[in-house]
Structure formats: C-alpha cells, structure tokens
K.L.:
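To start, I am sharing the structure in question, which I have written as structure tokens.
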Amino acid sequence: MLLQAGLSFGQDQFVLSGNIVDQEGKPMLFGNVILKDISKDEPVKITYIEDGEFEFDPLPPQKYLLEISCLGFEKIEQEINLTENIKLSFSLKEGSNLIEEVQVVAERDAIVNKNGNLKMNIANTNFASQSTTTSLLALFPKILVSPNGESVSVIGKGSPLIYLGNRRISMEELNSIPVNSIQDIELINNPSAKYESDGRAVILIRRKKGVGDGVNVSLSEMASWNRGFNNYLGMNASLKKQQLELRTNFSYNQLQPWEGSDSAYEIEDLKVKADNSGISTVDRPQFIAGGGLYYQLNDGDYLSGNVNLRTQTSNGSISSTSNTFENDTLDNKFETLVNESELRSFFTSNLNYNKQLTKSRSNLFFGIQYSNYIRNLDSEITNNIDESGFDIFENRDQDFTIDAYAARVDLEKKIFDDETFEMGLNYAGSKAEAFSEFEILIPTDYFSAIYDYSEENIAAYAQISGTVKKMDFSLGVRAEKNKVEGGFRSTNDLTVDIDQTIFFPKVMVNIPLDSSWNLTLNYAKTVARPNYLNSSSITTYITPFLEYTRNVNLRSSINEEVSANFQYKKSSFELSYSRRKNPTFVSIIVDENTGRLISSPINLEQESSFNLSILNPFGYKKWSATNFVRFSLSEMKDPTAVVQGVTPSVYFYTRQQIQLPKQFSIGATFYGMTKRKTGVTEAKGFSNLDFFVSKTFKNKFSVTLNFNDVYRGFEFVSLTELNGIVTVSYTHLRAHETEADL
C-alpha cells in the first residue's frame, strides 16, 4: 500500500488548454470553461476565456467532460482522455436562444497575470462602478494617475502608449470612453515592434462586443462628495442587426476638482529662502458624446468607424500664499489670486478596414484618424504684497489649436503553421497654432506672440513570431523618422528644428521550463521624446518670485532594458535592468535679469535602475485578491546635482474582494511606496486606501459606494538640490472622497 501511494503521488500531470473563436474566426472575449469528472458528473475545475484562450492548471490523467459556454452561442461538450498535454481548437456557432444556466463554482479573476502582462476584467465586475476611465486606471497595479486626471504613468516605465483596439489614442480620448463600454484593459509590460517606440509599456483597452441582435440601453449615475460635489450622468446604447452594429454614448458631468500643494526653496550661496502654499478649486461642467458603427462585410472582413466629442468649461481660482526670506529675516509676504476661465474642446474621428486574405493566410488592416483640440485660457492675476491690498498685476489670454492626422497599414501573414510575419507602416502628423497675449499692468508692459508648430513621424516595422520546440519567440525592429519644426512668427529663426531617424530592436523569448514554470526573456530599446509642442507656452505664473517655463533645447532620452520574467502558475517574478541617457527632470534656476526663480525641465546625464517585481493573483471560493510588490534601486547622475544618496524603495499594491450572499460584495484597495533616494531626489513615502461596498438587484441594477483616500495618505513629498538650489515640494493628489454609483 505504501508503494502504491508513492507511485500515485509521482504520477505525471498534464495541461489542458485551447483556442476558441466565433464563426468569423475572431477570438471570444469571455465565457466559462468547466471541467467535470466524467464518472461522477461533478465540476473539478473552472476557468475563463481570455482573448480566445483558456488553460487549466496541471491535472492528473483521467477522463473528463469539457463544457464551454459563451452567452449567445451554442454550448459545446466534449469528452477528454487526458494522458498528455492537449491543446484544442473550437469554433462556436451563434445560438438562437440564451445558454442554459451555468452553475459557477468560483469567481472570475478580476486581474489576470500572464508572462508579465496584466489584464483587468471590467465587464460584470466592481471595477465597472468607477466614474471615469482614469479613476479606473488608478486601481490598476503599477499605474499612477496625475491629480488632474490628464496623464498616467506606469511604475518603473514612465508614460505608456494608450491603445483602443488597433489604434493609438490620446489622454483626451481616453477620458471620453464610458467605463461601462469597456470589456477589459491590458497592461503590456514589454510591447513588440508593432507599437510606437516612445513607450516602454502599452495600456490596451478593449470595448464590449455585441453578441446578439437587438437593442441594449444602459444608464449610469454617480455622485461623489469630497471637498466639492461631483456628479456623473451617462447613457450608452447599441443596436445590432445581423452584420451591422451601431453604438452611441452621451455623458454630462458636473465636476469640482480640488488640488493642493506646498513648496520651499533655499539658495544657499545667497542665503535666500522662499516658500509657497497653493490651492486650486474649479467648477467644470463637461459634456461627452460619441458614436460608432461596426459592419461585418463577410467572414474576416469588417468596416468600422467612430466619432467622439468632449467639451468642458472651467471657471475657478488658484489662491496661494508665499514668503521670501533673506538671512532668515522675512523680506516679502505675498498673497496671489489667479482667476481663470477656460474652454477645452476635443474631437476625433477614425475609419478602419480589415481584410482577411484566406488563400495567402494573411490579414490586412488599414486605419485613418483625424483629431482636433482647442484650448482657450483667460487669466487675471492679482497680488497682495505685504498686506497692502490686492492689485491686478497681469491679464493673460492664451489660445491654442492643433490638428492631427494619422494613418497605419498592418499586414500579418502565416508563413508556417507556428510562425507569423508582421510588417507595417505608420504616419502621424500635426500642425498647431498658439496665440499668447500678456497685458502686464505692474510694471506696465505688453507682449503678444503667435507660435507655429508642426511634427511628422514616419515609421516602418517588421517582426517574426512563432514557436520552435515549445519555445515562443518574437524578433522585430522598428525604424522611426521624426521631424519637428517650431518658431515664433516674429522671427525668421526656428526655436525647434529636429530631424532624426532611429532604429529600435525588440526581442522576446518564452521558454516553458515545465508544466508550471515559464521563463520569458526580453530586450527592448525605446525613446522618450520631448513634447516640443509645450514650447508654445511662454511662462506659467505661480507667484511673484516663481514662474514655470518650457525648454525647447531638450534632447530625446534613449532607454535600453533587459528583463527576465519567471511565471509559476498565476504568480510571476521579474528581474529587470534599465539604463537611460538624457532623462528629463524639472530643475530650478535663478533668472539673473529679474531675480526670479525659474522652474524648467532639463536633461540629466544618466539614470539606471535594478528592479525585482512579484505578482500574485489569488482566489479561494468567494474571496479574490491581487498582490503586487516591486523592489527598486534607481540612481540618477548629473554634474549639477548634490548627491542625496541612493536607497532602495518598495512599491506595494493589494486588492481584496469578497462576494457575500444576496449579491453583496465588499472590497478594499491599498497601494503605496516607501521613502527613497535616487541620487538627485529624496522622496518620502505615500500610501492610499480605498473601500467599496456593492449591491446588485436582479442582475440589472447595481449600487456601489466607494470610499477613496480614506486616511488622506496619498501625498507626494520630495527634496532635490540642483544648481545650488534646495527644493522641497509637497502635493496632495486627491481629497477624501465618497462616491455613490447607480
């Protein structure tokens, strides 16, 4: 008996996986896959379809019954005799009736980890209760969102590329996407050569796909209370009839964003100190409208188009108090009030065509896009110096318009059963005009200028990917030609004149070590180009002694990175090293002509970083969790910096969720970072805790309460010393907030 037990324990286990597509050959986005013991007719394992694929953890050899259920499609049942690793392929047929009720024996993972890439399932999860797409991204492991919601960054990667399906989108368009129209979001940690080279990571958003003929309408209402009242009202509707699907969305949001910051400066050589404390409050009504169509021409061929409009007006003020000291004696005391009135309008449209070339086993995609962005900002600047009373110092009128065009062609061809060749061409161009008029009352002066800007980026890529002896690989190279011109009409010389071509290789190798372990190796070269368009802004008034200005002489930052990702079942461990030349950093200098402090971005010499990341999605019955930890040691070098030392840091993220009876669920998200030194900067730690409670009624109506930034710990504090100036900055990114979503 002991010998038999030992033999049983030592038996091999095998992996059962598969591909699932619809009748048109498109991967199924969601569905249930249940494995039953054929002798007992009882569920053994359950998993879910992700991008047309499913995979069970290693199983003992025996006979099973496999059941595949997708809403709107006929159910599949198949007997499996598992005596080796098996990978199956299925093509589902649309069903005339709804699928039978399926007994769910486990909760679907909200966040899925595969070879270092993360996918967040949005549809039919509590993530769908967020008010905006950016607030949704703030709950994603590795992602940080700026306080105004106008930029996102990936921990250790910087600003990502953002894609909606097959096309790249801007932050303006991202903010226009209704949350309840999103199926899932994927964070691609090491994007291939197919994607633009100015991103070390890609956020890929996939929208829901209609599964059956008919009309679907959804309404959403969210109210939130923090330092002001915010309300989000939205409607989404879709109509599907045979090959045609129409979609539209409307939203009206009444927002009152709040932001606070503090800073202190010390010029050691002059024995001068200064401090500033400011608060920004705004009333911002916002209107969003969009529409699109999808027409299936035949199997594998489709035509799609979309238009989106987002407009908002903002009326508010930036109030601040500041002081200057000389030899530790108060020199001046300032109160500044900047009243602002702003209009922003963003319009984008696109047309896409996909052709499947069956005989040559190829697929051709073509897309074009046009976008227009308008921003008009009027500012009235008043100062109260040494309690003498408020006087108007300046009136500023800044108008900005940009037109952007883009086109791309992608060809994908199967050259062998397990290998695919891809190539493509991309073009992106933009032209902009910026008008600035400054009426300076104290002292009397006047300034007016028109700035013209144009940029073109032409790119070509080629890559081959496939499988050789169970080893997956991808080899690619991308070439980009970037041309930028910018200058003021009052002069004949260009302030920006860039014309450069750079090659960017990408390599990925995935090695299955055994049935549970995978090793993924990556090498990538990327670039971070300056936003030359920002040189159109002359200066931004902060206080009478501090202004922010752009730097048209910034150089591109070239980054090289190698990484190794070990995946064990759902968990992963990643080691990476990156080195970046000419990283961008905001510095403070003294203007010798005016005596003011000038804040401006500059290029540092070099930045290097070692990282260890651990990701562990976990689920047990009604409890699901996602845990992420990143250990990092980063060093920045520059001759003008006073070295602050280098210390490691830890970033931690965890999301816990429990499903309760009667369709209740509760959960919490916590993330934070420890204090750290990078050679140039010393930063204190920050943390954030969010709670939510959700209740669903009859599978059609849900109410969610979100309690964000519970103990107000989401604050950034940093210290730097560059050019002989010590700077301490403090920013509170989000006020305590409670949200109710219907």
K.L.:
Check this for me: does any side-chain nitrogen of one of Lys194 and Asp410 sit under 4.0 Å from a carboxylate oxygen of the other?
P.N.:
no
K.L.:
Would Arg375 count as a cation-pi partner of Phe400, with NZ or CZ less than 6.0 Å from the six-membered ring centre and within 45° of the ring normal?
P.N.:
no
K.L.:
Between Glu607 and Thr678, is any pair of side-chain heavy atoms under 4.5 Å apart?
P.N.:
no
K.L.:
The criterion is side-chain contact (heavy atoms from CB on, under 4.5 Å); which residues satisfy it with Ser341, sequence neighbours excluded?
P.N.:
Asn315
K.L.:
Side-chain contact test, heavy atoms from C-beta onward, threshold under 4.5 Å: evaluate it for Asp198 versus Leu161 and give yes or no.
P.N.:
yes
K.L.:
So, Arg284 and Ser314: side-chain donor and acceptor under 3.5 Å apart, yes or no?
P.N.:
yes
K.L.:
Quick one about Tyr651 and Ser649 (side-chain donor to acceptor, distance below 3.5 Å, no hydrogens or angles considered), yes or no?
P.N.:
no
K.L.:
Could you verify whether a donor N or O on one side chain and an acceptor N or O on the other, from Asn354 and Asn363, lie under 3.5 Å apart?
P.N.:
yes
K.L.:
Nearest 0.5 Å, please: how far is CG in Leu204 from CG in Leu164?
P.N.:
8.5 Å
K.L.:
Can you check whether Tyr195 and Tyr163 have ring centres sitting under 6.0 Å from each other?
P.N.:
yes
K.L.:
Do Ile440 and Tyr446 have side chains that get closer than 4.5 Å, going by heavy atoms?
P.N.:
no
K.L.:
For Leu303, check side-chain contact (heavy atoms from CB on, under 4.5 Å) against everything at least two apart and list the hits.
P.N.:
Leu351, Tyr353
K.L.:
Do you know which of Lys525, Lys506, Lys157 makes salt bridge (Lys or Arg N to Asp or Glu O under 4.0 Å) with Glu561?
P.N.:
Lys157
K.L.:
Assess, by modelled atom type and distance only, whether the side chains of Asn383 and Thr336 contain a donor and an acceptor separated by less than 3.5 Å.
P.N.:
yes
K.L.:
Are Asp493 and Thr491 close enough that a side-chain donor and a side-chain acceptor fall under 3.5 Å?
P.N.:
no
K.L.:
Hey, is Lys273 close enough to Asp275 for a salt bridge, meaning N to O under 4.0 Å?
P.N.:
no
K.L.:
Quick test of your reading of the model: are Glu560 and Lys581 salt-bridged, counting only N-O distances below 4.0 Å?
P.N.:
no
K.L.:
Report the residue from Glu635, Arg580, Arg579 that forms a side-chain contact (heavy atoms from CB on, under 4.5 Å) with Gln606.
P.N.:
Arg579
K.L.:
Output the distance between atom OG1 (Thr401) and atom CD1 (Ile374), rounded to the nearest 0.5 Å.
P.N.:
5.0 Å
K.L.:
Under the salt bridge (Lys or Arg N to Asp or Glu O under 4.0 Å) test, which residues partner Asp638, sequence neighbours left out?
P.N.:
none
K.L.:
So, do Arg344 and Thr313 sit near enough that their side-chain heavy atoms are less than 4.5 Å apart?
P.N.:
no
K.L.:
Of the non-hydrogen atoms in Val202 and Pro191, which two are nearest, and what is the gap between them?
P.N.:
CG2-CB, 3.5 Å
K.L.:
Between Thr348 and Gln369, does any side-chain donor sit less than 3.5 Å from a side-chain acceptor?
P.N.:
yes
K.L.:
For a 4.5 angstrom cut-off between non-hydrogen side-chain atoms, does Glu485 reach Asp497?
P.N.:
yes
K.L.:
When you check the side-chain N and O atoms of Asn189 and Glu574, is any donor under 3.5 Å from an acceptor?
P.N.:
yes
K.L.:
Looking at Asn332, is its backbone amide N or carbonyl O close enough to the side chain of Thr324 to form a donor-acceptor pair, meaning the two atoms are under 3.5 Å apart?
P.N.:
yes
K.L.:
Applying side chain to side chain donor-acceptor pair (under 3.5 Å), run through Arg630 and Asn611 and close with a yes or a no.
P.N.:
CA-CA 7 Å; Arg630 180 176 183 269; Asn611 305 287; 2.5 Å; yes
K.L.:
Between the main-chain N or O of Gly305 and the side-chain N or O of Asn350, is there a donor-acceptor pair closer than 3.5 Å?
P.N.:
no
K.L.:
Would you check if there is a donor-acceptor pair between the side chains of Tyr523 and Asn190 at a distance under 3.5 Å?
P.N.:
no
K.L.:
Decide yes or no for Glu547 and Arg596: does some side-chain heavy atom of the first lie under 4.5 Å from some side-chain heavy atom of the second?
P.N.:
yes
K.L.:
Taking side chain as C-beta onward, heavy atoms only, is Leu411 less than 4.5 Å from Phe366?
P.N.:
no
K.L.:
Less than 4.5 Å apart, side chain to side chain, heavy atoms only: is that true for Gln463 and Val477?
P.N.:
no
K.L.:
For a quick check under 3.5 Å, do Ser557 and Asn582 share a side-chain donor-acceptor pair by atom type?
P.N.:
no
K.L.:
Would you kindly say whether Ser634 and Ser609 are connected by a side-chain donor-acceptor distance under 3.5 Å?
P.N.:
yes
K.L.:
Within this structure, what is the CD1-OG distance for the pair Ile602 and Ser600, rounded to the nearest 0.5 Å?
P.N.:
8.0 Å
K.L.:
Does either side chain, that of Glu456 or that of Tyr427, offer a donor lying less than 3.5 Å from an acceptor on the other one?
P.N.:
yes
